[in-house]
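Being a predicted model, the structure only gives us computed values, none of them experimental.
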Amino acid sequence: MSRTPPPDEARRAAEAAGQTPESVILPAIPAYPVGSLAGPLRDFVMWAQRDGLHPETAGAAGLAALATLTGPARLRLSEVKEVRAILWIALIGIPSSGKSPAFEHAFARIRQNYAASYQAYELALQKWEKEKKQDGDTAGSRPAKPQPFEYDDATVEAVARWLLARHEADDDPSGAVIDDELAATLEGLNQYKGGQGADRSKWLKLWTGSDLSIQRVGRGGAQNEVHIYVRQPVVSLAGPLTDSNVHLMGKQGSGFRPRFLPHLAPAEQPAWNDAGPHPATWTKCIDDLLDNRKLRTWHLTGEALAEWHAARKRWRIQQDEPEPDDVIEALRKADAQCYRIALVIAESLNPGAGGDVPLTAVQSAVAIVDYVADCWRALPGADTMATSRAEDVMDAMSSRFLAWLWSRPKGSEGLPEGRNRPRPRATRRDVQRWSHLKDAKLTALIMEHGARYPGCLVSAGARSGEGKGGSGGKETLYVYAPERADFGVAVTPKRRMNPPPGDSKSAGQASAASVSPHATPNSRDTESVTSNGWSEGSIGADVNQRDGVGQ
């Protein structure tokens, strides 16, 4: 029967072979740049902090709500080029970290407005139907059905019909796909086409703001034939996502993944305080954006343009530094993301006004883009240079295992002096109960984790009070999550608030130096892993099923 070698034994063997692997310290989860925000978004995030929510969750949800209502705005860059406020925001965190409540708060006013509009529509429809029975054709036209600004079906044909309905009702083909379970939305792409459809490629076009055309031939003639055309749609995408579903944003190297703006929530529950009603500035901003649905144009000039150019130059320099692939791909789109976020912030400062984008809007956008880049740095690399299907499976398993491990209780059993700060951990038995793996494959998973993150497998002293002997027995193997750097972690008001705003011109974080060269490990040991034969219900079987192996 296979066993997991005691960590001390493994360390001595490595030292005898002249190998002394350095412990991996992942970059810190970055602090959300509250002090660099401007206007209603900053007020909302600071209110959320007082209410007990993490600023990262409020920032992601607030930015998504503002982007949802910024569809009619354009940022004119030249005679032939303009930018629209299309953002893909993924709020990533463990369950019960306050992700959904943040979206509920941010979208509360939008949803209240739609509920009131729909109630008025129902009353008007009842009155019209009554008059039509009495007066016939003289009753006038049927009341227009209001269309929501947010939608929860990401299949492209459904989105196209919704946008077309919004265009016909309000001459405004804009909004956002918001799902309380973003994983379900992303998994649903192409689900009705056997995984072979074009939903993802259509969404890539939607991100660019290109015209959306949906055509389906049907069964001859006009039967089931579909042709939907939406000109200049503006559709954002946002929602909460758990750590174990980060892979749904797309594979590393894909065009889908770097378009997302990840926001990382700390792995702790909110404080659940009571900060009272939402800020008046936030409520008024949402109401003004709801009322201003006419086209308007913004321009980037003067100091605001200089601020954008300075940030763009810095992001281009960072692309040549030894960064993980995800970070480099995100930096390549950083200037475009900054345009879009600046447009959203400008609209929140002066809803519907148009004109020159304020400097503070660009500074806020730069800070958010820098924060997003740091989030990509903090996410452990999921893909390595796989040379077989077994290694592909192990990559996916390791990613899911690490996401689960981050949600475990913290401890410090067996950690060496000076590095015994409590962090999430599990015993071998805990891992087996979660994964349902047989012994050999359980060992392979644990040893892979130890190879990727040296120093994360430790043995504690013999347990006491267990087994027939009452005390003594075998040492307990603890599997730890990798250590993170000390700085940059945002916490809830029950501990401390984010630092107060400093110089407003120093927007963003110069954090490239915080990147660990070991953040994306490349060592593996998968000789005992095969592409089939995983026990039913195990995570290996789930990975194979998801990727179509054996089907």
Side-chain angles (χ1 to χ4, degrees), residues 60 63-75 77 81-91 147-179 181-193 195-216 226-239 241 248-251 254-262 293 295 329-330 332-341 343-344 347 372:
L63 186 63
L66 294 175
T68 299
L69 300 179
T70 312
R74 303 287 189 273
L75 176 59
L77 302 178
K81 186 177 181 181
E82 63 182 21
V83 171
R84 280 159 278 180
I86 302 172
L87 304 178
W88 292 3
I89 301 171
L91 175 54
Q147 296 296 323
F149 283 95
E150 56 173 319
Y151 201 58
D152 61 359
D153 187 344
T155 54
V156 175
E157 189 169 312
V159 169
R161 294 182 186 278
W162 164 61
L163 290 173
L164 192 62
R166 279 201 49 75
H167 177 72
E168 292 174 349
D170 303 318
D171 195 26
D172 177 20
S174 70
V177 172
I178 307 294
D179 198 333
E181 292 293 340
L182 186 58
T185 294
L186 297 177
E187 286 178 327
L189 299 180
N190 300 332
Q191 69 173 340
Y192 300 114
K193 308 174 183 69
Q196 303 300 317
D199 280 353
R200 282 184 175 259
S201 63
K202 292 288 188 182
W203 267 100
L204 290 175
K205 291 188 66 176
L206 282 173
W207 188 84
T208 66
S210 301
D211 295 353
L212 179 61
S213 178
I214 305 294
Q215 289 182 300
R216 190 174 66 205
V226 172
H227 186 194
I228 306 173
Y229 180 78
V230 183
R231 179 168 172 74
Q232 296 185 336
V234 182
V235 187
S236 292
L237 174 66
L241 196 66
L248 295 175
M249 293 192 296
K251 293 184 177 181
S254 71
F256 208 76
R257 188 177 177 94
R259 285 168 166 79
F260 278 96
L261 301 170
R293 307 313 302 166
L295 289 177
E329 291 166 3
R332 288 170 179 163
K333 297 191 180 300
D335 52 355
Q337 300 278 27
C338 187
Y339 276 143
R340 298 171 182 217
I341 298 172
L343 177 59
V344 172
E347 275 284 306
V372 165

Take Glu329 and Lys333, measure what salt bridge (charged side-chain N to carboxylate O under 4.0 Å, His left out) needs, and give me the verdict at the end.
CA-CA 7 Å; Glu329 291 166 3; Lys333 297 191 180 300; over 6 Å; no
Go through the steps for His167 and Gln232 under the test side chain to side chain contact (heavy atoms under 4.5 Å, CB included), then give the verdict.
CA-CA 11 Å; His167 177 72; Gln232 296 185 336; over 6 Å; no
Given Leu63 and Ile89, is the side chain to side chain contact (heavy atoms under 4.5 Å, CB included) satisfied, shown in steps?
CA-CA 8 Å; Leu63 186 63; Ile89 301 171; 3.9 Å; yes
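Heavy-atom neighbours of Glu181 CD from other residues, nucleotides or ligands within 6.0 Å: at or below the threshold of 12.
Remark: side-chain polar atoms of Trp162 are paired, donor with acceptor, to backbone N or O of Pro148 under 3.5 angstrom. The main-chain N or O of Asp179 is never found under 3.5 Å from a side-chain atom of Asp152 such that the two would form a donor-acceptor pair. Counting only distance, with no hydrogens or angles, the side chain of Gln337 and the backbone of Arg259 share a donor-acceptor pair below 3.5 Å. Of the possible polar contacts, one joining the Arg84 side chain to the Gly209 backbone as a donor-acceptor pair under 3.5 Å is found.
Here the closest heavy-atom approach between residue Arg340 and residue Ile86 is recorded as NH1-O, 2.9 Å. The heavy-atom pair separating Leu204 from Gly255 by the smallest distance is CD2-O, 3.7 Å. Counting all heavy atoms, side chain and backbone alike, Val83 lies closest to Leu77 at CG2-CD1, 3.5 Å. Contact between Val372 and Pro262 at its shortest, heavy atoms only, is CG1-CD, 3.5 Å. Nearest heavy-atom pair across Leu212 and Val156 is CD1-CG1, 3.9 Å. The minimum heavy-atom distance between Thr185 and Ala154, with the atom names listed, is CG2-CB, 3.1 Å.
Atom CG of Leu248 and atom CZ of Arg257 lie 10.0 Å apart (nearest 0.5 Å). Separation of atoms CG (Asp172) and CZ (Arg293) is listed at 4.5 Å; rounding is to 0.5 Å. The structure places OG of Ser236 at 5.0 Å from CG of Leu87, a figure rounded to the nearest 0.5 Å.
Considering only heavy atoms from C-beta on, Ile178 stays 4.5 Å or farther from Tyr151 through its side chain. Within the 4.5 Å cutoff, side-chain heavy atoms of Leu206 are placed close to those of Pro233. Contact annotation: the side chain of Pro72 approaches that of Ser174 to within less than 4.5 Å [non-hydrogen atoms, C-beta and beyond]. Put simply, the side chain of Arg74 reaches to within 4.5 Å of the side chain of Leu295, judged on heavy atoms. Contact annotation: the side chain of Val177 approaches that of Val235 to within less than 4.5 Å [non-hydrogen atoms, C-beta and beyond]. At a threshold of 4.5 Å between non-hydrogen side-chain atoms, the residues Leu66 and Glu347 do not count as touching. Side-chain contact check for Leu237 versus Trp207: every heavy-atom pair is 4.5 Å or farther apart. When side chains are defined from C-beta on, Ile341 counts as touching Leu261, because their heavy atoms get closer than 4.5 Å.
Annotation: cation-pi geometry satisfied between Arg166 and Phe149 (NZ/CZ under 6.0 angstrom from ring centroid, within 45° of ring axis).
Using cut-offs of 30° and 60° on the angle between ring planes, the pair Trp88 and Phe260 is tilted.
By the salt bridge (charged side-chain N to carboxylate O under 4.0 Å, His left out) test, Arg332 pairs with no residue at all, sequence neighbours left out.
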